[in-house]
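The structure appears below as structure tokens.
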Amino acid sequence: ELKNYFCCTGIIPGFSQSGGLGLLAAQWMINGEPDYDVFGWDLARFGDWADSAFTKARVEDQYSHRFAIHFPNEERSAGRPARTRPVYEMQQTMNCVFGLNCGWEHPLWFSKQGPQTETVGFKRQNWFKPVGDEVRMLREHAGVIDISNYANYIIKGENAHAWLDALLANRIPIDIGRACLSPLIGKSGGVAGDFTVIKATENEFFMVGSGLGERFHQRYFNEVPLPAGVSFENASNRIVGFSIAGPKSRTVLQRLTNTDVSNDAFPFFRSKQLNVAGISCRAIRVNFTGDLGWELYCNEAQQRALYEAVLAEAIKQDGGPVGSRALGSLRIEKGYGSWSREYSTEYWPQEVALTGLIKLDKPFLNKDAYLAVKDKAPREKLSVLEVQATNDADASGGEPIFLSDGTPVGRVTSGAYGYSVNKSLALGFIKSGTAKPGDTVSVFILGKPHSATVLEEPPFDPNGLRLRG
């Protein structure tokens, strides 16, 4: 990207939005970051995969549907496929329904009724039941999730640890095989990102982040100069991954490797280089479902062989493939936030329960900005809500939250039906001092108030017994 070069153009509504976006652009130029999260307008949403053909197709689609009604979870087909992985054709034969994610054709859900075209609308659609089947299958047995849309980075060199330690807010592991989760702090003290960092060898680290945020996060990476002899590689195009999760995931993995993956030998938040079905994989004992599980990463050329092997063993354990729609439900059941929804530069770490991952006895990027807000009371708090979904519709994000007297107090950032806990759930921000756990609020879905309870803890495995078991 060009440094100190800003683009604020193509604002279709003209006068109604140009003033606000102009203000945000000015804040960005002066302060290095706008006051509000503008990622939805940021050119960083696109990589070099968004070529002229893709752009032309999307622009034509946008103009032709400008005044159409748009629906939650709607996927547009224009310009696709932009890029695919080696398992794409195999997933097609499995009746996979795909969505666009970071330019990739990425599994949303799998149909057991033959090829399906996804329906759209404000209420539950034709994917509601198959996604529920995937969630329950994983929670009861095992599921295999394609996570090749994640961003993967490799940092090498004698001073690789020092560079990461200067960039991220948590302490970087010093022992080989250790892992940590760390926030990236923005210029106003908010959460610019969150990353899993693994010490792979003495002078090599493997870092995983949001694929959607690759280009956005590179701006922050560039602010910390690489020490002499340190190399940084965005390896997202050549490295792919799968998550194996569920109570039988250990059995699935153990049948594919000679390495002991018992809890004593391979505890939570550890990493090892494994031979899985003859394929060299970086295995991390962590996953986004909140259940027992691992993430496996390998070279793209071996993706299909790894998928075939892992899926075959999962099927023997009554498991199978799981898409990202199910993953969304699974992570909300566990109360996990997601970057660009619950984590953004707008929100302070104390508002999203990330302060425990920030270590003040070390330098890190934008530490002064964090120190300026760290002792301030949270303006609002990320909360989990159980919604009484009476109209065959669940929250999806953006729905307002009110007190019983009609006072507006917050908004939903993510929502889904929690199939394994039999609850319609939402994550959202509620203004501090207005509603506490156990209180009843109203979430407006389809313009109608739906009673919701602020939960004390996530409804699935709140103590992390499954995750660490």
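Hydrogens, waters and symmetry mates play no part in the numbers below; they use all other heavy atoms, side chains included.
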Are a donor atom and an acceptor atom from the side chains of [X] and [Y] found within less than 3.5 Å of each other?
| X | Y | value |
| --- | --- | --- |
| R76 | H65 | yes |
| E386 | S424 | no |
| D264 | S262 | no |
| N237 | R83 | yes |
| R178 | S271 | no |

Side chain of [X], backbone of [Y]: donor and acceptor closer than 3.5 Å?
| X | Y | value |
| --- | --- | --- |
| S249 | G246 | yes |
| Q254 | T259 | yes |
| W163 | V224 | yes |
| E399 | G397 | yes |
| D42 | R45 | no |
| R331 | G290 | no |
| S324 | P107 | yes |
| N287 | A245 | no |
| S182 | F195 | no |

Using every non-hydrogen atom in the two residues, find where [X] and [Y] come nearest and quote the distance to one decimal.
| X | Y | result |
| --- | --- | --- |
| F242 | L306 | CD1-CD2, 3.8 Å |
| E342 | L382 | CG-CD1, 3.6 Å |
| P437 | E456 | CB-OE1, 3.3 Å |
| V252 | V310 | CG1-O, 4.0 Å |
| S396 | P72 | OG-CB, 3.6 Å |
| A192 | H217 | O-NE2, 2.9 Å |

For the pair [X] and [Y], find out whether any cationic side-chain nitrogen is under 4.0 Å from an anionic carboxylate oxygen.
| X | Y | answer |
| --- | --- | --- |
| D392 | K123 | no |
| R285 | E295 | no |
| R139 | D291 | yes |

Rounded to the nearest 0.5 Å, what separation is found between the [atom1] atom of [X] and the [atom2] atom of [Y]?
| X | Y | atom1 | atom2 | answer |
| --- | --- | --- | --- | --- |
| I401 | S442 | CD1 | OG | 10.0 Å |
| S231 | N203 | OG | CG | 10.5 Å |
| L256 | N275 | CG | CG | 10.0 Å |
| T453 | K423 | OG1 | NZ | 9.0 Å |

* Report yes if the distance between the aromatic ring centroids of Y88 and F98 is under 6.0 Å, otherwise no. =>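 Yes, the ring of Y88 comes within the 6.0 Å limit of the ring of F98, centre to centre.
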
* F429 ring center within less than 6.0 Å of Y347 ring center ->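 Yes: the rings meet the under 6.0 Å criterion.
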
* List for me each residue that meets salt bridge (Lys or Arg N to Asp or Glu O under 4.0 Å) alongside K381, sequence neighbours excluded, and say none if there are none. =>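 Here no residue qualifies.
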
* To do: For K272, enumerate each residue passing the salt bridge (Lys or Arg N to Asp or Glu O under 4.0 Å) test, keeping only those at least two apart in sequence or located in another chain.
  =>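 If we apply the salt bridge (Lys or Arg N to Asp or Glu O under 4.0 Å) test to K272, skipping adjacent residues, there are no hits.
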
* To do: Go through the steps for E75 and R80 under the test salt bridge (Lys or Arg N to Asp or Glu O under 4.0 Å), then give the verdict.
  => CA-CA 11 Å; E75 294 281 343; R80 294 170 51 193; 3.8 Å; yes

* Can F110 and V97 be said to form a side chain to side chain contact (heavy atoms under 4.5 Å, CB included), step by step? -> CA-CA 6 Å; F110 295 84; V97 177; over 6 Å; no

* Among R85, H106, E300, Q303, find the residue that satisfies the side-chain hydrogen bond (donor to acceptor under 3.5 Å, both in side chains) test when tested with S148. =>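 Output: one option passes, namely Q303.
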
* Are F221 and F216 close enough, and set up right, to give a ring pair (Phe, Tyr, Trp, His ring centres under 6.0 Å), and what steps lead you there? -> CA-CA 9 Å; F221 301 161; F216 174 85; 9.9 Å; no

* Is the count of non-hydrogen atoms from other residues, nucleotides or ligands lying under 6.0 Å from I174 atom CD1 greater than 12? ->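 Counting other residues, nucleotides and ligands, CD1 of I174 stays at 12 neighbours or fewer.
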
* Compare all side-chain heavy atoms of Y153 with those of I239 and state whether any distance is below 4.5 angstrom. =>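 No, side chains not in contact.
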
* Identified side chain to side chain contact (heavy atoms under 4.5 Å, CB included) partner of I332 from the options S414, S338, P459 ->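 Of all the options given, the one that passes is S414.
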
* Which is it for I284 and W294 under the side chain to side chain contact (heavy atoms under 4.5 Å, CB included) test, yes or no, and what are the steps along the way? -> CA-CA 5 Å; I284 312 170; W294 283 260; over 6 Å; no

* Check step by step if ring pair (Phe, Tyr, Trp, His ring centres under 6.0 Å) holds for F205 and F232. => CA-CA 10 Å; F205 290 83; F232 174 92; over 10 Å; no

